[in-house]
Amino acid sequence: MEIKRQKPVVAAYHYDQPNPEQTIETKLQVGFTPLNTEDPNYPKENSIIRCILDFRLVFEEYIISGRVSQINHVINRKITNQADVTEEEVSEIVAPLFDIVKRLTYEVTEIATDEPGLTLNFQTEA
């Protein structure tokens with residue numbers, strides 16, 4: 001699958017101290033929305049997809065949360081809903097968003113804790 005990616009957007013990124021009186025769980029939510037274009041010159045065989053990653057990562061010392069997104073142009077492939085792509089293709093489309101969260105988290109936790117940063121691993125074990 002050929003993908004041309006626009007610049008990713010960090011809509012929100014939070015490093016927070018946990019409140020011991022609250023029970024908060026880790027949550028990762030990946031979504032994407034096919035977009036339509038009004039441009040008559042845009043190739044009809046291509047698709048535009050907005051990918052969004054909402055995340056909340058709960059650790060004993062802190063909570064990392066936020067939202068990152070990216071517009072992707074899938075070349076020579078018509079995608080109108082999530083059923084048009086496999087799980088592997090969804091992973092390929094959203095991989096850069098996970099990379100951004102990893103990079104941000106490493107840098108912020110390194111600065112905030114004055115220790116080596118937290119290295120996240122989003123790989124699933126098979």
Side-chain angles (χ1 to χ4, degrees):
M1 174 165 47
E2 183 181 353
I3 304 170
K4 293 195 189 278
R5 301 176 190 276
Q6 289 184 227
K7 183 179 175 182
V9 174
V10 178
Y13 185 89
H14 303 276
Y15 172 96
D16 300 305
Q17 296 296 315
N19 180 344
E21 297 175 9
Q22 286 183 318
T23 302
I24 300 175
E25 296 182 8
T26 291
K27 177 179 146 185
L28 290 171
Q29 185 174 354
V30 175
F32 75 82
T33 306
L35 303 175
N36 294 321
T37 179
E38 300 298 319
D39 183 353
N41 297 321
Y42 191 81
K44 300 272 187 245
E45 65 276 7
N46 294 356
S47 300
I48 305 172
I49 299 172
R50 169 175 288 157
C51 298
I52 299 171
L53 171 59
D54 287 307
F55 59 94
R56 182 175 56 229
L57 307 170
V58 179
F59 301 95
E60 188 175 322
E61 306 86 18
Y62 44 78
I63 299 168
I64 305 292
S65 61
R67 170 182 274 198
V68 292
S69 65
Q70 184 174 44
I71 302 286
N72 299 278
H73 300 265
V74 181
I75 310 303
N76 295 319
R77 176 98 179 264
K78 205 64 185 155
I79 299 172
T80 58
N81 61 53
Q82 197 152 348
D84 293 338
V85 291
T86 66
E87 189 173 318
E88 184 178 289
E89 290 170 328
V90 170
S91 294
E92 179 183 353
I93 292 169
V94 301
L97 301 180
F98 283 101
D99 289 342
I100 289 169
V101 173
K102 287 179 193 179
R103 289 174 55 204
L104 282 166
T105 299
Y106 183 87
E107 296 295 333
V108 169
T109 56
E110 182 177 50
I111 293 165
T113 64
D114 197 25
E115 295 180 3
L118 175 67
T119 302
L120 295 175
N121 180 1
F122 290 111
Q123 299 299 319
T124 57
E125 308 249 344

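Here the structure is a predicted model, which is why all the values come from computation and not from measurement.
- Listed by chain and residue number, Asp39 satisfy the side-chain contact (heavy atoms from CB on, under 4.5 Å) test with Asn41 (two or more places apart in sequence, or in another chain).
- For Arg77, the side-chain hydrogen bond (donor to acceptor under 3.5 Å, both in side chains) partners at least two apart in sequence or on another chain are Glu89.
- Remark: Glu107 pairs with no residue by the side-chain hydrogen bond (donor to acceptor under 3.5 Å, both in side chains) rule, at least two apart or across chains.
- Arg5 pairs by the side-chain hydrogen bond (donor to acceptor under 3.5 Å, both in side chains) definition with Asn72, not counting sequence neighbours.
- Qualifying side-chain hydrogen bond (donor to acceptor under 3.5 Å, both in side chains) partners for Thr119, counting only residues two or more places apart in sequence or in other chains: none.
- Hydrophobic clustering, with ILVMFWY side chains joined whenever heavy atoms are under 4.5 angstrom apart, keeps Leu97 apart from Val9.
- Within the structure, ring-ring contact (aromatic ring centres under 6.0 Å, His included) pairs that include any residue of residues 66-104 comprise Tyr42-His73, Phe98-Phe122 (at least two apart or interchain).
- Qualifying side-chain contact (heavy atoms from CB on, under 4.5 Å) partners for Val10, counting only residues two or more places apart in sequence or in other chains: Tyr13, Val68, Ile100, Leu104.
- In terms of heavy atoms, Thr109 sits closest to Leu118 at OG1-N, 2.7 Å.
- The salt bridge (charged side-chain N to carboxylate O under 4.0 Å, His left out) contacts involving residues 8-19 comprise nothing, where partners must be two or more places apart or lie in separate chains.
- Taking 4.0 Å as the cut-off between side-chain N and carboxylate O, Glu25 and Lys27 do not count as a salt-bridged pair.
- For residues 64-73, every residue pair satisfying the salt bridge (charged side-chain N to carboxylate O under 4.0 Å, His left out) rule, not counting sequence neighbours, is listed here: Asp54-Arg67.
- With rounding to the nearest 0.5 Å, the separation of CD in Gln6 from SG in Cys51 is 11.0 Å.
- Every residue meeting the ring pair (Phe, Tyr, Trp, His ring centres under 6.0 Å) condition with Tyr62, not counting sequence neighbours, appears here in chain and number order: Tyr15, Phe59.
- Considering only residues two or more places apart in sequence or on other chains, Asn76 meets the side-chain contact (heavy atoms from CB on, under 4.5 Å) condition with Glu45, Asn46.
- The other residues sharing a hydrophobic cluster with Ile24 are Val58, Ile63, where clustering joins ILVMFWY side chains under 4.5 Å apart.
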